[in-house]
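Structure first, then comments.
The model shown is predicted, which means the values in this text are computed figures rather than measured ones. Chain letters run A, B, ... following the sequence lines, proteins first, then strands; residues in each count from 1.
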Number of protein chains: 2
Amino acid sequence: MQRTTRQRTAVAELLEHSAEFRSAQEVHRMLADRGESVGLATVYRTLQALAEVGEVDALRGPDGEVRYRRCDEQAHHHHLVCRRCGTAVELDAAAVEAWSGTIAAAHGFTAVEHTIELFGLCATCSAADARA
Amino acid sequence: MQRTTRQRTAVAELLEHSAEFRSAQEVHRMLADRGESVGLATVYRTLQALAEVGEVDALRGPDGEVRYRRCDEQAHHHHLVCRRCGTAVELDAAAVEAWSGTIAAAHGFTAVEHTIELFGLCATCSAADARA
DNA sequence: GACTCAATGAGAACGATTGTCAAAACGGCT
DNA sequence: AGCCGTTTTGACAATCGTTCTCATTGAGTC
């Protein structure tokens with residue numbers, strides 16, 4: 001049976017209040033700073049579990065680190081992520097979904113999955129850059 | 001100055017004859033098996049260099065490993081990759097490109113880049129699976 | 001052939017992630 | 001509240017891909 005523990009609550013809680021994608025390491029550090037220290041291994045396990053259930057979305061950033069975020073949209077969707085601050089916008093990509101399906105079929109591929117993520121600088125970070 | 005060495009030639013040569021995406025580790029092993037042993041560090045350096053110049057395309061598989069492949073198309077494009085054997089089809093995604101640009105602008109993002117890759121089982125591997 | 005500087009390679013170092021396993025905590029039960 | 005069987009946890013070791021270091025080697029030049 002799935003038990004409710006302090007650490008699981010803490011991790012879920014933190015993501016609940018984050019609009020940004022966070023890596024396991026970040027979550028670990030943030031919780032530590034906040035005094036709710038949780039073992040690193042536990043953070044990884046919890047995050048993966050949440051992702052498996054669909055509670056959170058996971059994606060691998062350009063640097064190879066996996067990041068997690070609690071999304072409003074439960075259904076399948078993609079993101080436009082700020083590469084500086086991690087803020088993300090959820091995208092409805094019906095058009096792209098259709099395209100991917102068609103393309104795959106045309107080449108005889110089956111069991112197709114796709115990775116479609118956009119990375120850039122959000123309005124805020126762009127402005128900060130320009131000022132610098 | 002950029003020098004022409006046995007190892008650089010060997011790596012380039014191997015990719016030249018591969019229709020599949022190969023990881024640095026794979027390239028290293030394949031060269032060793034073939035008797036043209038090349039240091040692992042050198043393989044990494046060479047692959048990165050080739051990718052930087054645009055000689056080869058690089059992409060990160062679902063497992064996080066970076067894979068390289070020599071592509072016919074020099075211009076920007078995406079792939080439909082077999083997750084079993086690594087075979088890849090080059091895709092022209094003009095429609096998707098346009099979509100990504102529009103979406104990004106609509107949200108005030110700048111300097112946008114995107115990751116768009118499709119993974120599945122190629123016709124051959126699908127068939128092999130069905131038979132098993 | 002001699003010389004210079006880029007390139008190589010063995011191995012250490014790294015950073016993210018996963019595995020291990022004894023100790024601690026949960027939840028149901030009395 | 002106290003017990004108990006199970007699930008979780010966490011400190012630490014282990015993996016794995018990748019990068020760094022630095023003494024040695026080799027490419028291109030004169």
Side-chain angles (χ1 to χ4, degrees), chain A residues 1-15 20-53 55-69 81 83 86 115 117 119, chain B residues 1-15 20-53 55-69 81 83 86 115 117 119:
Chain A
M1 177 216 318
Q2 172 75 302
R3 292 181 182 171
T4 311
T5 66
R6 173 181 69 76
Q7 19 289 74
R8 281 216 255 264
T9 307
V11 171
E13 169 81 4
L14 191 156
L15 287 192
E20 298 86 28
F21 270 91
R22 304 292 193 192
S23 70
Q25 305 277 353
E26 279 175 336
V27 171
H28 175 63
R29 196 170 336 107
M30 292 176 76
L31 287 176
D33 289 351
R34 171 189 300 200
E36 302 208 72
S37 181
V38 174
L40 186 53
T42 302
V43 172
Y44 272 100
R45 280 185 296 237
T46 304
L47 250 19
Q48 282 170 343
L50 287 174
E52 222 146 76
V53 184
E55 267 298 296
V56 303
D57 274 30
L59 70 77
R60 196 180 295 275
D63 57 351
E65 251 193 347
V66 179
R67 295 205 153 65
Y68 302 86
R69 174 178 191 270
V81 189
R83 98 178 102 244
T115 301
E117 304 296 347
F119 296 96
Chain B
M1 177 216 318
Q2 174 74 299
R3 292 179 181 172
T4 311
T5 67
R6 173 182 69 76
Q7 17 291 72
R8 281 217 254 262
T9 308
V11 172
E13 170 79 4
L14 191 156
L15 286 187
E20 300 84 29
F21 270 90
R22 304 292 192 191
S23 69
Q25 306 275 352
E26 279 175 336
V27 171
H28 175 63
R29 196 172 333 108
M30 293 176 75
L31 287 175
D33 289 350
R34 172 190 298 200
E36 301 208 74
S37 181
V38 174
L40 187 52
T42 303
V43 172
Y44 273 100
R45 280 186 294 239
T46 305
L47 251 19
Q48 283 170 342
L50 287 174
E52 222 147 77
V53 184
E55 266 298 296
V56 302
D57 274 30
L59 69 77
R60 195 181 296 274
D63 56 352
E65 250 193 347
V66 178
R67 294 205 153 65
Y68 302 86
R69 174 177 190 270
V81 188
R83 97 178 103 243
T115 300
E117 304 297 345
F119 295 96

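Residue contacts shown for A:Gln25 include a base, since a base heavy atom lies under 4.0 Å away. At a threshold of 4.0 angstrom between heavy atoms, the contacts of A:Gln48 are confined to the sugar-phosphate backbone, with no base atom among them.
When side chains are defined from C-beta on, B:Gln7 does not count as touching B:Thr46, because their heavy atoms never get closer than 4.5 Å.
Near-neighbour residues of DNA chain C inside residues 40-47 of chain B, defined by a heavy atom below 4.0 Å, number-ordered: B:Ala41, B:Thr42, B:Arg45.
Within the model, atoms CZ of A:Arg22 and CD of A:Glu65 stand 12.0 Å from one another, a figure rounded to the nearest 0.5 Å. In this structure, A:Arg69 CZ and A:Asp57 CG are separated by 8.0 Å, a value rounded to the nearest 0.5 Å.
The phosphate of D:dT8 has neither OP1 nor OP2 within less than 4.0 Å of any side-chain N or O from A:Gln7.
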- Task: Show the numbers, then the answer: is there a side chain to side chain contact (heavy atoms under 4.5 Å, CB included) between A:Leu47 and A:Val56?
- Result: CA-CA 8 Å; A:Leu47 250 19; A:Val56 303; 5.6 Å; no

- Pair A:Leu59-A:Val81, side chain to side chain contact (heavy atoms under 4.5 Å, CB included): steps then yes or no: CA-CA 10 Å; A:Leu59 70 77; A:Val81 189; 4.3 Å; yes

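As rounded to whole Å, 14 Å separates atom C1' of C:dT17 from atom CZ of A:Arg67. We find that CZ of A:Arg60 is positioned 7 Å from P of C:dT17, with the value rounded to whole Å.
For the 3.5 Å distance criterion, the side chains of A:Arg45 and A:Thr42 qualify, holding a donor opposite an acceptor.
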- For DNA chain D, the dot-bracket notation using Watson-Crick and G-U wobble pairs below 3.5 Å, [ ] for pseudoknot-type crossings and | for other-strand pairs, is ||||||||||||||||||||||||||||||

- Would you give a per-nucleotide map of nucleotides 23-30 of chain D, 5' to 3', where B means the base has a protein non-hydrogen atom under 4.0 Å away, S means only the sugar-phosphate does, and - means neither? ---BBS--

